[in-house]
Protein chains: 2
Amino acid sequence: MEEHNRENHILSTQAIKRMPYYLQYLKKLAGEGIEIVSAPSIAAHFNFTEIQVRKDFSAVSTTKGKPKSGFTVKELIYDMESILGYHSVNQAVLVGVGQLGRALLSYRGFENYGLKIVVAFDQDPETAGSKIAGVNVFASEKISDLCRRMNIPIGIITVPETAAQTVCDQLIAGGVKAIWNFAPVHLSVPQNILVQNENMAASLALLSKHLEEKIVSE
Amino acid sequence: MEEHNRENHILSTQAIKRMPYYLQYLKKLAGEGIEIVSAPSIAAHFNFTEIQVRKDFSAVSTTKGKPKSGFTVKELIYDMESILGYHSVNQAVLVGVGQLGRALLSYRGFENYGLKIVVAFDQDPETAGSKIAGVNVFASEKISDLCRRMNIPIGIITVPETAAQTVCDQLIAGGVKAIWNFAPVHLSVPQNILVQNENMAASLALLSKHLEEKIVSE
DNA sequence: CATTATTCGATATCATTATATCGATATGAT
DNA sequence: ATCATATCGATATAATGATATCGAATAATG
Ligand SMILES: NC(=O)c1ccc[n+]([C@@H]2O[C@H](COP(=O)([O-])OP(=O)(O)OC[C@H]3O[C@@H](n4cnc5c(N)ncnc54)[C@H](O)[C@@H]3O)[C@@H](O)[C@H]2O)c1
Ligand SMILES: NC(=O)c1ccc[n+]([C@@H]2O[C@H](COP(=O)([O-])OP(=O)(O)OC[C@H]3O[C@@H](n4cnc5c(N)ncnc54)[C@H](O)[C@@H]3O)[C@@H](O)[C@H]2O)c1
């Protein structure tokens, strides 16, 4: 017999990506004192279909919706936060304390998402040794050693694209299980390592394609 | 009869997102003096299937591959750059000159992707009036008026999530056609406006889910 | 100059994701 | 108490995206 999810539903990649949006909105509603919410009303807000909203909810929550009224906001929030790992904290290191790296280090929002950057690294001797937003910056030779000793599961890459693969290899040598990559390059990694790309060039590609179509059709 | 693409192929959303990766790699190969490349070799590098690579290439390029050898690197580069709009320049404005906004303003890479941030806005009276990385920052009351007068097609949002919808509305009032949104909220917009989200919470959700599964299965 | 190995493109199949249909159930109105 | 209506969940269908199959083309090898 097949192994199944607790709720006997599969949580698709696309659904996972939608969860933070639902969560943000549900928290806003909760802040306004709203206790019950229906799939159609959520769907209207996001411009989704109500069927999709129901499916997404049933995939992450044991909470059943009540016909004619809807779902309990608080329970949805709790279940989504659990699914997204916001109730625990994942430790991460960041490599590349430049423009973007500094912005990420200073960002307080990640703690709400269960992510804590505990150490940073940079090649530049000026930067290594400093402290940015309360986080110590070390020389990049220490990446593998420190990651392993601190048992860090996540590495964040914000170095130039030419250095990204090298840094990636160092992180993996340090036992990191997942990499969040902001450099606009493909990283080669072993099967069991996840690379989550935040490639702004890819976003821009979609944006630019859309504009082009607009212009042609107008 | 149906209207078709020049090459009689459809370019899917997913394929568009892959293009910047191909392009980066092809340029690297060109820099190494490599003139011909095969689909299987590209596929090996990206861990894609060779069928997908061929489909992607044929969707963006009129260039035919030669059996037993492959595709002409230069021609692929040229066609991809055209498709991605790198040969022209789209003007953009950025709203929210904080940690992230400053990083984006200072980033030189966007010019390679056909994007030029020409003006920025901020609510803070200290920031408005200043100049960051050569870009003038104005008070946010001027968003709509300036965008309209300069005929700006793209707005970049890097304000706190509570201000994002307001700013979005101001940009649309200014005639902007596409919005690149870094705030972790859904933005409500008219049908003809594109919102491209760069939601780091969504990325983190996938990352965290992956780690959880790793831990369970190990 | 024939043979073999490799890559190509076209078409077919499979997987994932989104949407539509429909009977069941709870709430509020008559 | 009954009826109308909004919402629910389950199952079915459609759309999009990825992979497999196969004959044709061409470069290298003997
Ligand atoms: N700044 C942005 O807004 C932005 C936007 C999109 C993408 N990116 C990407 O993010 C990355 C960083 O961009 P940035 O603007 O912050 O660049 P940056 O030059 O400001 O910072 C890069 C930092 O990495 C360090 N570094 C270089 N090689 C290293 C190595 N081998 N080990 C450790 N540290 C090393 C440098 O010393 C520097 O501090 C780039 O890949 C860029 O393409 C940045
Ligand atoms: N900093 C990061 O690394 C990071 C990472 C992920 C997401 N984000 C998101 O990006 C956005 C900006 O983050 P940040 O860290 O740069 O914040 P920040 O507070 O440093 O900057 C926000 C800026 O927006 C300005 N602002 C506020 N309301 C405005 C309005 N109505 N009109 C014009 N300007 C206004 C503020 O004056 C400030 O300069 C947030 O939504 C945040 O969630 C940031």
Side-chain angles (χ1 to χ4, degrees), chain A residues 2 4-19 21-22 26 29 34-73 75-76 79 186 202 205-206 209-210, chain B residues 2 4-19 21-22 26 29 34-73 75-76 79 186 202 205-206 209-210:
Chain A
E2 281 278 336
H4 278 290
N5 223 28
R6 192 175 44 212
E7 295 83 22
N8 219 14
H9 280 116
I10 4 82
L11 185 53
S12 72
T13 304
Q14 300 306 314
I16 294 173
K17 289 203 228 168
R18 285 189 290 271
M19 290 306 152
Y21 289 94
Y22 290 131
L26 290 169
L29 294 181
I34 293 169
E35 296 186 347
I36 305 278
V37 73
S38 72
S41 78
I42 300 263
H45 176 259
F46 286 106
N47 217 13
F48 294 165
T49 64
E50 57 181 270
I51 303 112
Q52 184 164 64
V53 174
R54 266 187 223 112
K55 274 205 160 180
D56 286 345
F57 285 8
S58 84
V60 295
S61 179
T62 42
T63 312
K64 294 260 169 185
K66 263 194 187 173
K68 197 72 197 277
S69 46
F71 298 81
T72 310
V73 175
E75 291 181 17
L76 284 176
D79 289 341
H186 169 84
L206 287 172
K209 209 83 206 65
H210 168 83
Chain B
E2 280 277 337
H4 279 289
N5 223 27
R6 191 175 45 211
E7 296 83 23
N8 219 13
H9 281 116
I10 2 83
L11 186 53
S12 72
T13 303
Q14 300 305 315
I16 294 173
K17 289 203 228 167
R18 283 189 291 271
M19 290 305 152
Y21 289 93
Y22 290 130
L26 290 170
L29 294 181
I34 294 169
E35 296 186 348
I36 305 278
V37 73
S38 73
S41 79
I42 300 261
H45 177 259
F46 286 107
N47 216 12
F48 295 165
T49 65
E50 57 182 89
I51 303 113
Q52 183 164 65
V53 174
R54 269 189 220 108
K55 274 206 162 180
D56 285 347
F57 285 6
S58 83
V60 296
S61 179
T62 42
T63 311
K64 294 259 169 186
K66 261 195 190 173
K68 198 71 197 279
S69 47
F71 299 81
T72 311
V73 175
E75 290 180 18
L76 284 176
D79 288 342
H186 170 83
L206 286 172
K209 209 81 205 67
H210 169 81

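Sequence lines set the chain letters: A, B, ... in the order given, protein chains first and strands last, and positions in each chain run from 1. In what follows, every heavy atom counts, from backbone to side chain, and hydrogens, waters and symmetry copies are set aside.
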Sugar-phosphate only, base, or nothing, as touched by B:A15 at under 4.0 Å among non-hydrogen atoms: nothing
Sugar-phosphate, base or nothing in reach of A:F71, heavy atoms under 4.0 Å: sugar-phosphate
Student check: side-chain heavy atoms of [X] and [Y] closer than 4.5 Å:
X: B:F46; Y: B:R18; value: no
X: B:K66; Y: B:F71; value: no
X: B:L206; Y: A:T13; value: yes
X: B:T72; Y: B:E35; value: no
X: A:R54; Y: A:P40; value: yes
X: A:Y22; Y: A:D56; value: yes
X: A:I42; Y: A:F57; value: yes
X: B:L11; Y: B:I16; value: yes

Any A:R18 side-chain N or O less than 4.0 Å from OP1/OP2 of C:dA18: yes
Nearest-neighbour nucleotide for the [X] side chain, [options] considered:
X: B:I51; options: D:dT19, C:dT17, C:dG9; value: D:dT19
X: A:P40; options: D:dG17, D:dT7, C:dA12; value: D:dT7
X: A:Q52; options: D:dT19, D:dA18, C:dT19; value: C:dT19

Separation of atom [atom1] in [X] from atom [atom2] in [N], rounded to whole Å:
X: A:K55; N: D:dT7; atom1: NZ; atom2: C1'; result: 17 Å
X: B:I36; N: C:dT6; atom1: CD1; atom2: P; result: 18 Å
X: A:K17; N: C:dT16; atom1: NZ; atom2: P; result: 15 Å
X: B:L11; N: D:dT16; atom1: CG; atom2: P; result: 14 Å
X: A:D56; N: C:dA18; atom1: CG; atom2: C1'; result: 10 Å
X: A:R54; N: C:dT21; atom1: CZ; atom2: P; result: 14 Å
X: A:L206; N: D:dG17; atom1: CG; atom2: P; result: 11 Å
X: A:L76; N: D:dT7; atom1: CG; atom2: C1'; result: 15 Å

Of residues 41-50 of chain A, the positions that come close to DNA chain D - non-hydrogen atoms, cut-off under 4.0 Å: none
Ring centre gap for B:H186 and A:Y21 strictly below 6.0 Å: no
If you restrict it to nitrogen or oxygen atoms, what contacts under 3.5 Å exist between nucleotides 24-29 of chain C and the protein, and what is each distance?
unit_1 : atom_1 : unit_2 : atom_2 : d
C:dT27 : OP1    : A:K66  : NZ     : 3.4
C:dT27 : O2     : A:K68  : NZ     : 3.1

